Amino acid sequence: MDKGNADYVYPSSKENVENAHRVAIPPPQPFFNSLKYNLKETFFPDDPLRLFKNKPASKKFILGLQYVFPIFEWAPRYSFQFLKADLIAGITIASLAIPQGISYAKLANLPPILGLYSSFVPPLVYAIMGSSKDLAVGTVAVASLLIASFLGQEVNYNENPKLYLHLAFTATFFAGVFQASLGLLRLGFIVDFLSHAAIVGFMGGAATVVCLQQLKGILGLEHFTHATDVIGDGRVAYSVVASFSFSSSLDTLIVMRFENMQSKRKPKFFWISAMAPLTSVILGSLLVYLSHAERHGVQVIGYLKKGLNPPSFSDLVFVSPYLTTAIKTGIITGVIAMAEGIAVGRSFAMFKNYHIDGNKEMIAFGMMNIAGSCTSCYLTTGPFSRSAVNFNAGCKTAVSNIVMSMAVMVTLLFLTPLFHYTPLVVLSAIIMAAMLGLIDYEAVIHLFKVDKFDFIVCIGAYVGVVFGSIQIGLVIAISISVLRVLLFVARPRTSVLGNIPNSRIYRNIEHYPNANNVTGVLILKIDAPIYFANASYLRERIARWVEEEEDKLKASEESSLHYVILDMGAVGNIDTSGISMLEEVKKTLDRRELKLVLANPGAEVTKKLDKSKFIENMGQEWIYLTVGEAVTACNFRLHTCEPNPEKAESEPCDNVDICPDCCRAIDIITRNCWPAMLTSLGFTAEEGNILRGYCDVSSAPSLGGLVVIYHPQVSKVLA
């Protein structure tokens with residue numbers, strides 16, 4: 001059956017209409033109770049205080065301590081079996097953290113020793129305050145690149161390395177303050193504006209730029225551009241000839257990428273990819289030391305200072321003109337690092353079927369970066385590569401971070417001289433191997449298949465980073481993500497509903513082609529809250545739906561449209577602009593001699609419609625609990641020729657119908673065709689005069705010239 005031409009007969013007895021459930025007006029709530037509820041739903045959706053209800057003061061203190069420091073929750077249950085697993089995992093990730101830390105510090109144009117410092121203090125803080133069992137804390141390449149990009153615009157690290165270093169500490173401090181503030185104020189939802197698609201594109205673009213920048217180390221170049229775009233990097237690389245170090249670095253890169261691929265295919269071989277960077281560093285250092293390659297142009301790390309982290313609180317820069325730069329760098333890098341860390345933590349928590357609190361994670365990230373900025377560390381978070389190794393190594397708790405920190409401490413105290421001969425080409429290969437893993441082409445293909453707009457967001461962010469700069473790519477990623485949110489709000493979905501055969505279910509006729517239109521009724525569904533941003537669009541869209549429906553009915557010569565039902569089930573809220581829009585729609589439909597009907601409005605919507613007097617002006621009899629009851633009522637009125645009782649004037653019509661749902665005889669006749677109609681119905685002239693006497697035209701309900709006769713004497717005449 002064609003969905004546009006279906007003549008669906010819906011049960012419409014008078015009893016069904018009278019027994020329809022009326023929409024109740026929510027009882028009034030005190031203003032402060034309503035405000036308290038809204039604030040709780042906005043900032044405390046997880047209700048963190050529910051654990052403290054009806055508990056004695058001593059228990060509340062313990063629960064509060066466990067909430068702020070999760071280590072006190074799981075430490076009493078810690079066992080020797082857990083220690084063995086965490087010990088293995090901690091040593092494994094330490095073997096990855098040491099070479100990666102040195103490499104990423106060089107990427108941020110910071111002294112290599114800072115990479116080791118940043119793998120010592122922050123993991124200890126996170127182990128105490130973090131809620132993830134699998135997250136391995138450390139520096140990340142993208143944040144390192146962002147620091148180099150933003151700070152490099154203000155200070156040249158070669159000309160003024162001391163100021164550059166102090167600004168890096170200050171940016172880390174502000175990143176920590178910002179992260180902790182978001183967690184304490186329960187504003188973690190702000191991070192959600194950076195969508196998954198934007199992060200995939202941004203990370204991929206940043207990884208591409210990082211790989212190109214490593215051409216300096218791969219090709220053995222002494223002079224290289226500081227630009228963070230593919231054109232600048234490619235131009236320099238094309239204009240020079242590679243030195244002998246290219247072949248060795250290429251071998252290192254190929255070996256590490258092969259080991260990473262093997263580890264992904266077979267997770268039980270995680271130790272291969274974990275040990276590969278450290279093995280490359282050891283072998284490279286031995287080759288340089290034995291062959292004295294540093295005398296022949298091979299660049300090495302050089303001297304690394306022994307000892308633990310020196311304090312750096314006095315090095316923080318809180319004065320102009322660099323304070324703005326430090327704050328901007330800290331906020332941007334803090335958001336990116338926080339988004340990555342929380343996403344990684346949630347991913348691994350899902351595998352082990354436990355929950356992590358995003359706001360608590362923000363506080364933990366913030367505190368470890370604040371502590372790190374005061375102990376000669378730069379920005380840290382939970383990198384995916386290190387966390388994946390930690391997960392595959394079988395870690396049980398955050399003790400694996402403590403073990404890693406202890407291993408780094410031993411390195412700082414006794415082993416740093418061994419890295420003197422580590423060639424920079426090996427560090428570049430380590431960075432490139434890690435960055436190639438961030439170019440997630442499988443995720444891009446998935447985005448293209450599932451959601452083309454998300455694909456555009458991803459590609460836009462990638463192109464912005466690669467062909468513009470890190471800043472441009474970041475702006476594009478955030479702008480497109482916010483634009484999509486605005487489009488969802490400003491251009492909500494509307495659809496026409498039809499009846500699923502042999503049911504009282506109404507669904508989108510485009511989704512369900514077998515759904516039937518209801519004769520004389522247009523059912524529209526609005527799939528979003530109605531606000532000032534979309535009120536004008538919805539008014540125009542509803543008007544166009546009505547015009548299209550009327551044109552379709554005229555073209556098919558079917559019965560005319562009488563009712564427009566708005567399904568408000570998905571309208572969670574409405575503002576004054578939305579209410580004004582509904583009033584305008586009602587007036588427009590009244591001029592078209594159509595009746596507006598509302599179905600399934602929520603409590604908040606109903607409350608505001610009642611306070612604005614819209615329900616009073618419209619009539620509560622035109623608001624129904626479900627679409628099915630609204631259609632039943634409309635269908636009943638259509639059969640009894642009362643589609644719009646408010647209409648005063650009537651026009652000629654040739655319709656003749658008998659209502660089957662009334663216990664008395666009901667004849668629908670046309671005022672201007674009275675004699676012919678009675679004759680066609682088989683009445684004699686005498687009977688017609690009697691019937692006409694019972695018809696009070698002035699008081700009888702009428703529409704379109706149709707007069708309904710329902711009088712007890714009619715039955716006697718017909719008998």
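Here the structure is a predicted model, which is why all the values come from computation and not from measurement.
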Practice task
Show your working on side chain to side chain donor-acceptor pair (under 3.5 Å) between Asn390 and Ser400 and close with a plain yes or no.
Solution key: CA-CA 8 Å; Asn390 194 32; Ser400 59; 3.2 Å; yes
Practice task
Check whether any side-chain heavy atom of Val389 lies under 4.5 Å from a side-chain heavy atom of Thr92, and answer yes or no.
Solution key: yes
Fill in the blank from the handout: In this structure, CZ of Phe365 is separated from CZ of Phe178 (nearest 0.5 Å) by 14.5 Å
Exercise for the section: Check whether any side-chain heavy atom of Lys306 sits under 4.5 Å from a side-chain heavy atom of Leu413, and report yes or no. Expected result: no
Handout entry: 4.5 Å side-chain heavy-atom contact, Leu114 and Phe169
Key = yes
Exercise for the section: Check whether any side-chain heavy atom of Asn369 sits under 4.5 Å from a side-chain heavy atom of Tyr378, and report yes or no. Expected result: no
Problem - Thr208 and Val465, any side-chain heavy atoms less than 4.5 Å apart - result: no
Exercise for the section: Assign the ring pair Phe173 / Phe318 to parallel, tilted or perpendicular, where the plane angle (0 to 90°) is split at 30° and 60°. Expected result: perpendicular
Exercise for the section: Cation-pi check, Lys360 to Tyr67: give yes when NZ or CZ is under 6.0 Å from the six-membered ring centre and within 45° of the ring axis, no otherwise. Expected result: yes
Exercise for the section: Return yes if a side-chain donor-acceptor contact under 3.5 Å exists between Asp86 and Thr397, otherwise no. Expected result: yes
Handout entry: Test side chain to side chain donor-acceptor pair (under 3.5 Å) applied to Ser118 and Thr139, step by step
Key = CA-CA 7 Å; Ser118 301; Thr139 55; over 6 Å; no
Practice task
Answer yes or no: is there a side-chain heavy-atom contact under 4.5 Å between Leu116 and Ile98?
Solution key: yes
Practice task
Verify the neighbour count for atom NZ of Lys59: are there more than 12 heavy atoms of other residues, nucleotides or ligands below 6.0 Å?
Solution key: no
Exercise for the section: Determine yes or no for a side-chain-to-main-chain donor-acceptor pair under 3.5 angstrom, with Ser132 supplying the side chain and Leu135 the backbone. Expected result: yes
Problem - Within 45° cone and under 6.0 Å: Lys133 NZ/CZ vs Tyr354 ring - result: yes
Problem - Heavy-atom side-chain proximity of Gln66 to Ile62 below 4.5 angstrom - result: yes
Handout entry: Test log, rule side chain to side chain donor-acceptor pair (under 3.5 Å), inputs Tyr322 and Thr170
Key = CA-CA 10 Å; Tyr322 302 109; Thr170 309; over 6 Å; no
Practice task
Hey, can you tell me if His292 and Tyr289 have their rings parallel, tilted or perpendicular (30° and 60° cut-offs)?
Solution key: tilted
Practice task
Say whether, by atom type as modelled, one donor and one acceptor occur between the side chain of Ser149 and the main chain of Leu145 under 3.5 angstrom.
Solution key: no
Exercise for the section: Please work out which of the three classes, parallel, tilted or perpendicular, describes the rings of Phe69 and Phe72, given edges at 30° and 60°. Expected result: perpendicular
Practice task
Calculate, to the nearest 0.5 Å, the distance between atoms CZ and NZ belonging to Phe174 and Lys328 respectively.
Solution key: 14.0 Å
Handout entry: Test item: Thr381 and Val137 side chains (from C-beta on) under 4.5 Å apart, heavy atoms
Key = no
